[in-house]
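Reading through the C-alpha cells given below for one structure.
Just so you know, these numbers use all the heavy atoms, side chains as well, and skip hydrogens, waters and symmetry mates. Within every chain, numbering begins at 1; the chains are lettered A, B, ... in the order of the sequence lines, protein sequences first and strands thereafter.
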There are 2 protein chains.
Amino acid sequence: MSITTLGYALLTLLVRKPLSGYDLARAMKNPIGFFWQARHSQIYPELARLEELGLVTAETIAQRDRPDKKLYTITLDGQAVLAQWITEPAKPASERNELLLKTYSLWLADPEKAIKLFQDQKELHQQQLAQYEQILTEYPQATPLSPDSPDFGSYATLLRGLSYERGYITWCHWILTQLESYVDDKRSQNEPPHEHKYSD
Amino acid sequence: MSITTLGYALLTLLVRKPLSGYDLARAMKNPIGFFWQARHSQIYPELARLEELGLVTAETIAQRDRPDKKLYTITLDGQAVLAQWITEPAKPASERNELLLKTYSLWLADPEKAIKLFQDQKELHQQQLAQYEQILTEYPQATPLSPDSPDFGSYATLLRGLSYERGYITWCHWILTQLESYVDDKRSQNEPPHEHKYSD
DNA sequence: AGACTCATGTAACCAGTTACATGATTGC
DNA sequence: GCAATCATGTAACTGGTTACATGAGTCT
C-alpha cells in the first residue's frame, strides 16, 4: 500500500493547517483545483489510508448545530514524506484537452458553429482569468515573497494560472479572427482576405 | 455502448487517411500526443468498438517481409458523427499537474534540490518547444491557412503548443531566479536582495 | 415546503496504465 | 546473438467519476 498523488495533495493542504475531509474537498476545488482535482468520494478513503500509514492523525470534533467532523492533522512522519516527495523528479503532466482535439478537425465543422464554440470557450477562460486576477489583488505589491514562506507556493501557482489563461484566451481569439475573416470572405468573394497575425 | 473521447480522437486521424492500429498508436504519440494520449492496449479494443458501431471498416492487408495489418477506414456515418461532435460544447480540461502541486509546497523543500527540480523541468519543456519550433518551420510562411483545410487544425494546435511551452518555460525561469536569489542572499547576508520581475 | 450548506461515507462503473503474450524481419 | 521495428491483441490493476445513502440545521 503506497501513497498516491492525491495523498500528497492532501498532505500539501494539511501541512498548512489541520482540516476535515469536508474542508479538504472544498480546498481541492478552490485553491488546488487548477492543478489537481478530486471529489469527496475519493478523498475520504484516501484520508483513511493516510491515517493507516501514520502520516495523519484524526480527531473527532463535536459541534453544536452541525454534524460532528473529523479533524485531520499531519504527523512529523507525514511532513517528512511530503518534503522528500517535493524534490523528486515530477512526472510530465499528461495533457488531455478536448478542445484541441476538436480544433484538429475544425475543417469539418460548420464555421458559424465553430465560432460559437470558441466564443464560449474564450469566455470560460476569461472568467477563470478574472478570478485569478481577483486573487492576485490580495497579494501585497512590491513585497517579494520568500521561497521559504507557504505563500510563495500559492503565489507561484497563481502566476502560472494567470499565464496559462492569458495564453489560452489569446489563442482562442486568434482562432476566432481566422474563422470570422473566413466567413466574411465567403460572403463577399470579391474582396481580398484580411491579415491577422498571431503572437503570444 | 456509446462513443468515448478516444473514439473521436481515432476518427480525427482516420478522417484524414486510412490507418492501421499500429499507425494510429504512433499518431497518438506524435502529432496528437500534446493534447490526447493513448496506448495501443486502449486503441485496439476501441477500434473494434468503432467497427461494431459502423463508424469505421477494417480491411486486412497482407504484406511481404512484414506481419499482416488491418487498415481502418472511416465510413460516411463516422464522418457525420465526428463532424457533429466537433461543434458540441467541449468539456473543460481537468488539469492534473504534479509540478504545480510540488510548487505549492516548495517552502518545505531544500532550495538546492528545488533548483535542480525546476532546471530539469525547464529543460524538458525547452526540448518540447524546440520540437514544436522544428515542426513550425515545415509550414509555409506568409500563406495563411484556411479554416476549411485539414492543415489549419494541425497548425492551430501547434500554435497552442508553442504558446503553452513558452509560458511554462518563462514561469520555470522566474521560479529559478527567485530560488537562486534566495540562496545567494542566504550565503551573503549583508547584501540587499535582488529584484526579479515576472511577466509572461 | 423546498433548496442549500455541513458532514461522511460506500458502490458501481469507466478510462487509462502496466504487464503479459506472440512472432517475423532488419540492422548492428 | 541482441536489440529494434512492425504488428495485434488480452488481463490485471489503479485512479477517478457518477450515483447512492443518510441526516441535521438554516435560509427563503
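For the pair A:Arg49 CZ and C:dT10 P, the interatomic distance rounds to 11 Å; values are reported in whole Å. The distance between atom CG of B:Leu47 and atom P of D:dG9, rounded to the nearest whole Å, is 8 Å. Taking atom CD on B:Glu46 and atom C1' on D:dG9, their separation rounds to 15 Å, with Å as the unit.
Applying the salt bridge (Lys or Arg N to Asp or Glu O under 4.0 Å) definition to pairs two or more places apart or across chains, those involving residues 36-48 of chain B are B:Glu46-B:Arg49. Identified under the ring pair (Phe, Tyr, Trp, His ring centres under 6.0 Å) test for residues 59-83 of chain A, with sequence neighbours left out: none. The stretch residues 124-133 of chain B participates, sequence neighbours left out, in these salt bridge (Lys or Arg N to Asp or Glu O under 4.0 Å) pairs: B:Glu133-B:Arg166.
Taking A:Tyr44 as the reference, A:Tyr22, A:His40 meet the side-chain contact (heavy atoms from CB on, under 4.5 Å) condition, with sequence neighbours excluded. Under the side-chain contact (heavy atoms from CB on, under 4.5 Å) criterion, B:Glu59 pairs with B:Ile61, sequence neighbours left out. Taking B:Asp120 as the reference, B:Lys116 meet the side-chain contact (heavy atoms from CB on, under 4.5 Å) condition, with sequence neighbours excluded. Partners of A:Ser146 by side chain to side chain donor-acceptor pair (under 3.5 Å), not counting sequence neighbours, listed by chain and number: A:Asp148. With sequence neighbours excluded, the residues that form a side-chain contact (heavy atoms from CB on, under 4.5 Å) with A:Arg66 are A:Gln63.
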Under 3.5 Å donor-acceptor pairs involving side-chain atoms of residues 76-88 of chain A, not counting sequence neighbours:
from, atom 1, to, atom 2, distance (Å)
A:Gln84, NE2, A:Glu88, OE2, 2.5

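Within residues 2-34 of chain B, the residues having any heavy atom closer than 4.0 Å to DNA chain C are, in order of number, B:Thr4.
Taking the screw axis at each terminus of the helix from C:dA1-D:dT28 to C:dC28-D:dG1 from five consecutive base pairs, the angle between the two is 30° to within rounding of 10 degrees.
Aromatic ring pairs are classed by plane angle as parallel below 30°, tilted from 30° to 60° and perpendicular above 60°; the pair B:Tyr132 and B:Phe34 is perpendicular.
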**Prompt:** What string of B, S and - do you get for nucleotides 17-28 of chain D, 5' to 3', if B is base contact, S is sugar-phosphate-only contact and - is no contact with any protein heavy atom under 4.0 Å?
**Reply:** BBB---B-SS--
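Across the interface with DNA chain D, nearest-nucleotide mapping of B:Tyr44 and A:Trp36 shows B:Tyr44 to be the residue nearer the 5′ end.
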